[in-house]
Peer 1: 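Please read through the structure below; I'll follow up with questions.
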Amino acid sequence: MTPTATPLRIRAKWRPSLGMIVVAVLLAVAALPLAGLFFFRLYENQLVRQTEAELIAQASVLAATYADAVERLEPPPALSSVALTPPADDRFHPIEPALDLTGDDVLGPRPPAQPATTAVDAALQAIGAQVYAIARRAQDQMLAGVRVLDFNGVILAGAEEVGLSLAGVPEVADALAGHYHASLRIRRSQHEPPPLYSISRGTGVRVFVALPIIAHTRDGDRVAGVIYASRTPNNIFRHLYGERRKVALAGGCILAVILVIAFVFSRTITRPIHQLVRQTRELGTRTLDQGPADAPHYGTREIALLSQSFHDMAQRLSDRSRYITTFAAHVSHELKSPLTGIQGAAELLHDDLEGDEAMDPRPMDTEQRRRFLGNILADTRRLTALVQRLRDLAQADNPVRGGRADLAALWPHLAAQFPGLALDPRGGNATVAMSAENALILFSHLADNAGRHGATTLTLDVAVRDWAVVVTVADNGQGISPANRERVFDAFFTTRRDSGGTGMGLHIVQSLLRAHGGDIRLAEKSPEGGSPQGGAVFEVTLPRA
């Protein structure tokens, strides 16, 4: 007993649906702008550096004003005793902002001012008041807090801390030594920031800039004071709020893109796949001979190929189902006739042997028994021929594909197999993509069919056409009547049933050719008759090797 093959089953486990994947992709696309808010330190750092650059520009103007006023004093006031290194010959010495919110430490709040230990020069105090007045007038636009210090770090002007010293503040101490210094410090605020601000590092810091005031004196360059300025950098959320219309427009564009992506996914992937699933279920509930329904939309190229493969498979199953149904009906009909004849003859012979002379005084004679036995033998031979032809058809439907065959080398074997036919090969040689055994079976059926219809000559005309080799097979037999031309390739159709024909030869040839990608057709006769004395003409198309 032949074991049945176990059907392939997909292992049962959880798998995400295509819709879930599409939704996940869309959510990821939607979350990208929101996730970007958590990784905007680069943008915040740019805001911090922008604030530092503005403070540098403002402090530079104030420092230049202060230094110019100090240099005009007569007599010159006492300044810092620290001699500074003269600058290079280059005229320009820009100060580039260098604070890094992601790398620099954020210091604590600015230490409070301490009592001064040195006296303040009255002339420098007056100059500091004038410079601070300028800074005060610009504060409404620049938003910067400014302190004007002398060369000892004492506050000359600046709100309520006048007269106190900031010399202990690191950035001020560095500026008193003649070096520019900037730092980030924690911001003091009287109000709690909104909860959303907590995700931003730049909302709670303040930028402090200490710029030394360099005065040119007879004794060289000396530090005449320090401009100590500070400002809170622009907050990213405040900046986005200021650009809320543009942000809303960008959000609307993102939403529109998401909707377009969702529509494209649904139109090109989800919907066609659901259609294929529905058609697969319908194909399982309907009869195969009804054929597959057409899908109205295929989507992408890959799904179109999948749909086409599905429809081709369903069409082949449908054609195969119709073929099996028709073939089974023909087989049962063809086998029924000889079986009925055998059964009838056997019953008559049995009744004759078991008969009663009183009821049937005329028993069969020897001639009658011989005739019934001959009928049984004839029907048995027909059954044997049908079974052999069915075996040949099964092999033709599922042949061993591949191989190569030279037609010129095939004709001598065909001539030896049919000595009653005179073969006339024409057109030279060609190599076909079929094994020599299958090619010999194919042409043997055609030669046998010609010989059984009274042919004595078989012409084989070989022509090479692009990918195919076309062999025109013509005989001088009885030919095929117009009424039978459409049925010559049907299984079990024959005009020689009384002489033992099974009607399977041409059908086997057609099945064998189509299994190899070829075909056969009954050609129209040429003006000269298509053969030496008329007859049948077949065009056999074989794949070229």
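All figures in this text were calculated on a predicted structure; none of them were measured in a lab.
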Peer 1: Side chains of Arg206 and Thr232: do they bring a donor and an acceptor to under 3.5 Å?
Peer 2: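 Yes, because at least one side-chain N or O of Arg206 sits under 3.5 Å from a partner of the opposite role on Thr232.
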Peer 1: Do the side chains of Val432 and Leu407 get nearer than 4.5 Å, heavy atoms only?
Peer 2: yes
Peer 1: Identify the two heavy atoms, one from Glu171 and one from Ala210, that lie closest to each other, and give their separation to 0.1 Å.
Peer 2: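 Taking Glu171 first and Ala210 second, the nearest heavy atoms are O-CB, 3.4 Å.
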Peer 1: Search all heavy atoms of Ala439 against all heavy atoms of Leu410 and return the closest pair with its distance.
Peer 2: CB-CD2, 3.7 Å
Peer 1: Considering non-hydrogen atoms only, spot the tightest contact between Ala59 and Ile227 and give its length.
Peer 2: CB-CG2, 3.7 Å
Peer 1: Got a second to check how far Leu249's CG is from Cys253's SG, nearest 0.5 Å?
Peer 2: 4.5 Å
Peer 1: In Å, rounded to the nearest 0.5 Å, how long is the span from OH of Tyr228 to CD of Glu161?
Peer 2: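 So the gap between those two atoms works out to 9.5 Å.
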Peer 1: Do Gln125 and Val162 have side chains that approach each other closer than 4.5 Å (heavy atoms only, starting at C-beta)?
Peer 2: yes
Peer 1: Report yes if some heavy atom in the side chain of Arg185 is under 4.5 Å from a heavy atom in the side chain of Leu107; otherwise report no.
Peer 2: yes
Peer 1: Rounded to the nearest 0.5 Å, what separates atom OG1 in Thr65 from atom CD1 in Ile134?
Peer 2: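 The OG1 atom of Thr65 sits 5.0 Å away from the CD1 atom of Ile134.
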Peer 1: Under the criterion side chain to side chain contact (heavy atoms under 4.5 Å, CB included), I'd like the reasoning laid out for Asp100 against Arg49: C-alpha separation, chi angles, the key distance, then a yes or no.
Peer 2: CA-CA 8 Å; Asp100 188 352; Arg49 292 195 175 182; 4.2 Å; yes
Peer 1: Has Glu71 got more than 12 heavy atoms of other residues, nucleotides or ligands less than 6.0 Å from its CD?
Peer 2: yes
Peer 1: Apply side chain to side chain contact (heavy atoms under 4.5 Å, CB included) to Gln58 and Val209, showing your working.
Peer 2: CA-CA 10 Å; Gln58 186 175 358; Val209 168; over 6 Å; no
Peer 1: Under a 4.5 Å cut-off applied to non-hydrogen side-chain atoms, are Ile520 and Leu442 in contact?
Peer 2: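 When only atoms from C-beta onward are counted, Leu442 and Ile520 do not touch, as no gap falls below 4.5 Å.
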Peer 1: Please report the closest heavy-atom contact between Val148 and Gly128, naming both atoms and the distance.
Peer 2: CG1-CA, 3.8 Å
Peer 1: Without swapping roles, check the side chain of Glu52 against the backbone of Leu99 for a donor-acceptor pair under 3.5 Å.
Peer 2: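 Confirmed, Glu52 side chain pairs with Leu99 backbone.
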Peer 1: How many angstroms lie between atom CG of Leu62 and atom CD of Gln130, to the nearest 0.5 angstrom?
Peer 2: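 If I round to the nearest 0.5 Å, the distance is 12.5 Å.
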Peer 1: Could you check whether any side-chain heavy atom of Arg222 comes within less than 4.5 Å of a side-chain heavy atom of Phe151, counting everything from C-beta outward?
Peer 2: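 A side-chain contact under 4.5 Å is absent here.
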Peer 1: Ignoring hydrogens, what is the shortest heavy-atom contact between Pro233 and Leu47? Give both atom names and the distance.
Peer 2: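 Looking at all heavy atoms of both residues, the shortest contact is CB-O, 4.1 Å.
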Peer 1: Quick one, Leu156 with Val131, criterion side chain to side chain contact (heavy atoms under 4.5 Å, CB included). Give me CA distance, side-chain angles, the key distance, then yes/no.
Peer 2: CA-CA 10 Å; Leu156 300 176; Val131 171; over 6 Å; no
Peer 1: Do Asn429 and Val462 have side chains that approach each other closer than 4.5 Å (heavy atoms only, starting at C-beta)?
Peer 2: no
Peer 1: Testing Ile155, Leu149, Asn152 one by one against Val226 for a side chain to side chain contact (heavy atoms under 4.5 Å, CB included), which residue passes?
Peer 2: Leu149
Peer 1: Leu124 and Tyr66: side chain to side chain contact (heavy atoms under 4.5 Å, CB included), yes or no, with the steps?
Peer 2: CA-CA 9 Å; Leu124 295 180; Tyr66 186 102; 3.7 Å; yes
Peer 1: Using a distance-only test with no angle check, is there a side-chain donor-acceptor pair under 3.5 angstrom linking Arg136 and Gln139?
Peer 2: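 Present: a donor and an acceptor within the cut-off.
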Peer 1: Report yes if some heavy atom in the side chain of Leu55 is under 4.5 Å from a heavy atom in the side chain of Phe208; otherwise report no.
Peer 2: no
Peer 1: What heavy-atom pair brings Val70 and Ala215 nearest, and what distance separates the two atoms?
Peer 2: CG1-CB, 4.2 Å
Peer 1: So, do Ile127 and Leu73 sit near enough that their side-chain heavy atoms are less than 4.5 Å apart?
Peer 2: yes
Peer 1: Let me confirm one number: the CD1-OG distance from Ile214 to Ser80, rounded to the nearest 0.5 Å.
Peer 2: 9.0 Å
